[in-house]
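Comments concern the structure below.
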Amino acid sequence: MPHKADRIRNIALIGHRGCGKTSLHEAILFEAGATRRLGSVAEGSTVSDSAPDEQERAMSIGASVACFEYDGREIDLIDTPGEPSFVADAAAALRVADAAVVVVNGVAGVEVQTERLWRRADAEGLARLVFVNMLDRERADFFAALDSLKAAFGPHVVATEIPIGAEHEIRGVVDLIDLEAFVYEGAGQGNATQVEIPAEVRSQAEEFREKLMDEVAENSDELMERYLDGERIDHAEIVAVLKQGVTAGRIFPVTCGVATRNLGTNRLLGALVEDLPSPAMRGPVRALGEGEETIEVEPNEDDSLVAYVFKTLADPYAGRINLLRVYRGTLRSDSHVVNATRHEKERIGQLGRPLGSELSPANELGAGEIGVVAKLKQTQAGDVLCERQEEIAFAPLDLPAPVMAFAYEPKSKGDEDKAAAAVRRLSEEDPTLDVHRDPQTGEQIVAGLTQVHVEVIVERMKRRFGAEIELHPPRVPYQETIRQPAEAHARYKKQSGGRGQFADCKIEIEPAEDGAGLEFVNRIKGAAIPGSFIPAVEKGVEEAMRHGTVAGYPVKDVRVRLVDGKHHDVDSSEMAFKVAGSMAFREAMEAADPVLLEPIVRLIVSCPEDAVGDVIGDLNSRRGHPLGMEPKGAVTEVKAEVPMAEVLEYAPDLRSISGGRAEFTVEFERYDPVPAHLAERVVARSAAEAGAAA
Ligand SMILES: Nc1nc2c(ncn2[C@@H]2O[C@H](COP(=O)(O)OP(=O)(O)OP(=O)(O)O)[C@@H](O)[C@H]2O)c(=O)[nH]1
Ligand SMILES: [Mg+2]
């Protein structure tokens with residue numbers, strides 16, 4: 001009996017929205033005998049898309065794990081959303097998987113999100129296998145898709161299968177490793193029959209077999225020699241070398257089929273086991289130890305426990321549910337562990353292994369395994385569980401910032417607490433959801449990655465927690481900064497009966513690097529201001545920076561030097577120095593060439609070529625700055641930098657410009673000064689609002 005970590009395959013299905021990941025997930029579960037009926041996305045009956053909103057929208061919103069046995073192996077197959085709004089779950093899945101199956105739409109080839117997710121898989125060091133799907137569709141072309149893969153990901157993308165027939169006449173696949181052909185009749189287990197390689201694909205099969213063998217041989221000198229000598233190399237040898245190349249990220253095999261017809265999926269299942277690495281074969285993963293030092297975590301189930309929580313679900317009835325992967329040691333039901341991230345003890349109750357939303361109980365989870373634990377008190381996604389307190393962490397996921405912000409209000413007055421609780425619970429599930437109260441306006445803000453993201457959150461608040469809210473048009477999070485050095489001297493003095501107030505400070509300010517926020521430097525020599533009052537001055541500056549002098553927006557990236565001051569033995573207080581600090585900052589800022597800043601986003605629009613002109617024309621009228629365009633398979637990708645203020649409601653506009661054939665992603669890029677004539681309008685508007693609020 002091999003070690004457990006040799007038998008496991010942790011695999012994430014990734015790819016652009018709608019390429020067929022969920023359908024493929026469903027087909028694989030059915031092929032493996034893990035389910036009895038083959039569900040469909042159209043009917044909302046898949047294991048993976050089990051949430052009601054996933055079924056209504058016919059798209060995946062959260063990652064879904066299915067753990068099942070196949071061929072003596074234990075496969076943990078994670079379906080992930082392709083929609084960029086839900087990239088957090090795809091990123092988390094790639095973190096805990098050892099390999100990815102990259103699903104590609106056979107009509108469109110490589111798409112925007114395919115490339116982004118591929119790069120994430122690169123960063124996680126994952127083995128990859130490609131499945132070109134939807135080959136039954138009109139205009140599907142396996143070889144064009146293969147070319148787009150090579151163009152995007154380099155020459156080591158190599159076909160291990162080619163299709164027999166095309167579009168609605170696709171019948172089967174040729175396996176290039178063994179040069180065997182299989183045709184499929186109807187959906188269902190065991191629907192493949194081996195046949196002679198049909199004459200129509202014979203020469204193509206030989207051509208691509210040679211390309212495959214060249215690629216494989218490059219990974220083994222010994223095999224290369226024998227191959228060049230014309231020696232026959234058997235299946236096991238080819239697969240062994242292929243698997244090593246795949247594991248090391250040097251080869252990316254490409255398979256193909258039709259998920260919704262179960263064509264090629266049984267072969268893919270075989271390839272998952274044969275070509276992709278187990279946790280043991282992948283070897284140690286990197287984590288951060290004491291002082292951020294890199295440590296290697298070996299997948300050894302007899303060693304002490306290291307488990308990483310990658311997803312948290314906030315269920316209104318069952319409470320908090322955590323999905324985790326054990327990297328080292330063994331996690332047991334009914335045991336005690338320590339949340340090493342939060343320094344908290346946790347009691348583990350019953351462990352489970354998921355199949356979509358169903359759970360089967362598990363007594364333990366060994367190194368390499370994925371499972372579920374309910375009802376932990378403090379633990380959330382990103383945390384590490386250990387037996388005893390240990391300094392260990394995994395690098396945080398690199399996720400886009402939530403730039404699509406809305407102010408919200410409960411539909412009925414008095415529901416404020418209910419709404420706040422619901423949105424807080426949902427933000428536990430979603431690291432790309434930002435929920436806060438805006439200190440500037442006092443508004444409750446919910447911010448996500450996109451319009452769709454926030455819509456889904458609003459629906460979930462209602463459906464799961466009965467909290468109905470209304471969104472206001474998003475406000476642009478303007479900021480302010482300074483462009484010149486300046487200085488100011490402020491004195492706060494009050495003499496009203498009894499004890500007075502006295503504080504005096506002199507500051508110099510200058511622009512600091514992007515991202516610096518406030519850099520406060522104390523240059524007081526002697527006892528002009530006693531040390532105990534210095535933090536109060538800093539506090540005063542900080543408070544003044546929350547509302548800049550241009551239009552009341554937060555101020556960023558300023559270095560403030562406190563250079564001199566005076567105090568009074570009786571009348572000076574922290575409060576007085578705070579006021580003086582605020583006064584000094586405001587005065588200095590006015591003299592420091594202050595400027596209003598607006599967020600600039602990077603927009604990537606993918607649209608058919610004939611819409612490119614209209615898309616670019618529209619972006620120009622939005623003060624956009626084009627960064628270039630690139631053909632990507634069937635579409636063209638247009639990149640531009642645009643002020644966020646101009647694309648707050650871009651989605652419906654793009655829909656009408658492109659006749660619904662375009663999509664876009666938006667990411668925060670940086671803050672830039674607002675052009676003077678527009679800044680005037682923003683200033684006037686916020687002055688009017690401040691007037692109305694007063
Ligand atoms: N003709 C055809 N349709 C397919 C195939 N695979 C999936 N579809 C259909 O394409 C649509 C999208 O499929 P999904 O499986 O939901 O795609 P997905 O990649 O999970 O999509 P997201 O979760 O939104 O990223 C559904 O209507 C499927 O029925 C295929 O191989 N052939
Ligand atoms: Mg899906």
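Position 1 is the first residue of the sequence; numbering continues from there. Computed from a prediction, not measured in an experiment: that's the story for all the values here. As the structure lists them, so they are numbered: ligands from 1, and atoms in each ligand from 1. Computation of the quantities below employed the complete heavy-atom set of this structure, encompassing side-chain atoms and omitting hydrogens, waters and symmetry-equivalent molecules.
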* Asked: Going by chain and residue number, what protein N/O/S atoms come nearer than 2.8 Å to the Mg ion (ligand 2)?
  -> Thr22 OG1, Ser60 OG
* To do: May I ask which of Gly15, Ser60, Ser23 has a heavy atom nearer to atom 14 (P) of ligand 1 than the others do?
  => Ser23
* Asked: For atom 9 (C) of ligand 1, what is the nearest protein heavy atom, given as residue, atom name and distance?
  -> Arg137 NH2, 3.5 Å
* Asked: Quick one: which of Asp136, Leu135, Val132 has a heavy atom closest to atom 32 (N) of ligand 1?
  -> Asp136
* **Residue-ligand contact Gly18/ligand 1, heavy atom below 4.0 Å** => yes
* Heavy-atom distance from atom 19 (O) of ligand 1 to the protein below 4.0 Å? -> yes
* Ring-face cation contact, Phe465 with Arg463, 6.0 Å cut, 45° max -> no
* Where ligand 1 meets Val41 - atom numbers and elements under 4.0 angstrom, heavy-atom basis -> 14 (P), 15 (O), 16 (O)
* Asked: How many angstroms lie between CD1 in Ile370 and CD1 in Ile78, if you round to the nearest 0.5 Å?
  -> 4.0 Å
* Asked: Rounded to the nearest 0.5 Å, how far does NZ of Lys21 lie from CE of Met59?
  -> 9.5 Å
* Asked: By salt bridge (Lys or Arg N to Asp or Glu O under 4.0 Å), which residues pair with Glu200, not counting sequence neighbours?
  -> Arg171
* To do: Calculate, to the nearest 0.5 Å, the distance between atoms CD and CG belonging to Glu115 and Asp122 respectively.
  => 11.0 Å
* Using a heavy-atom cut-off of under 4.0 Å, does the side chain or the backbone of Thr22 touch ligand 1, or both, or neither? -> both
* Structure fact -> In short, ring pair (Phe, Tyr, Trp, His ring centres under 6.0 Å) pairs touching residues 144-177 with sequence neighbours left out are Trp118-Phe153
* Asked: Crowded around Glu428 CD? As in, over 12 foreign heavy atoms under 6.0 Å?
  -> yes
* Residue and atom name of the nearest protein heavy atom (relative to atom 6 (N) of ligand 1), distance in Å to one decimal -> Asn133 ND2, 3.1 Å
* Asked: Hey, does Arg17 come in under 3.5 Å of ligand 1, counting only N/O atoms on both sides?
  -> yes
* If a pair satisfies side chain to side chain donor-acceptor pair (under 3.5 Å) and one of its residues is in residues 174-184, list it, with sequence neighbours excluded. => Asp175-Arg267, Asp178-His235, Tyr184-Asn266
* Asked: Do Ile14 and Val101 have side-chain heavy atoms sitting under 4.5 Å apart?
  -> no
* To do: Starting at CG of Leu24, measure out to OG1 of Thr22 and round the result to the nearest 0.5 Å.
  => 9.5 Å
* Does Met134 approach ligand 1 within less than 4.0 angstrom via side chain, backbone, both or neither, non-hydrogen atoms only? -> both
* Step by step, would you call Phe208 with Phe143 a ring-ring contact (aromatic ring centres under 6.0 Å, His included)? -> CA-CA 11 Å; Phe208 279 89; Phe143 299 99; 5.2 Å; yes
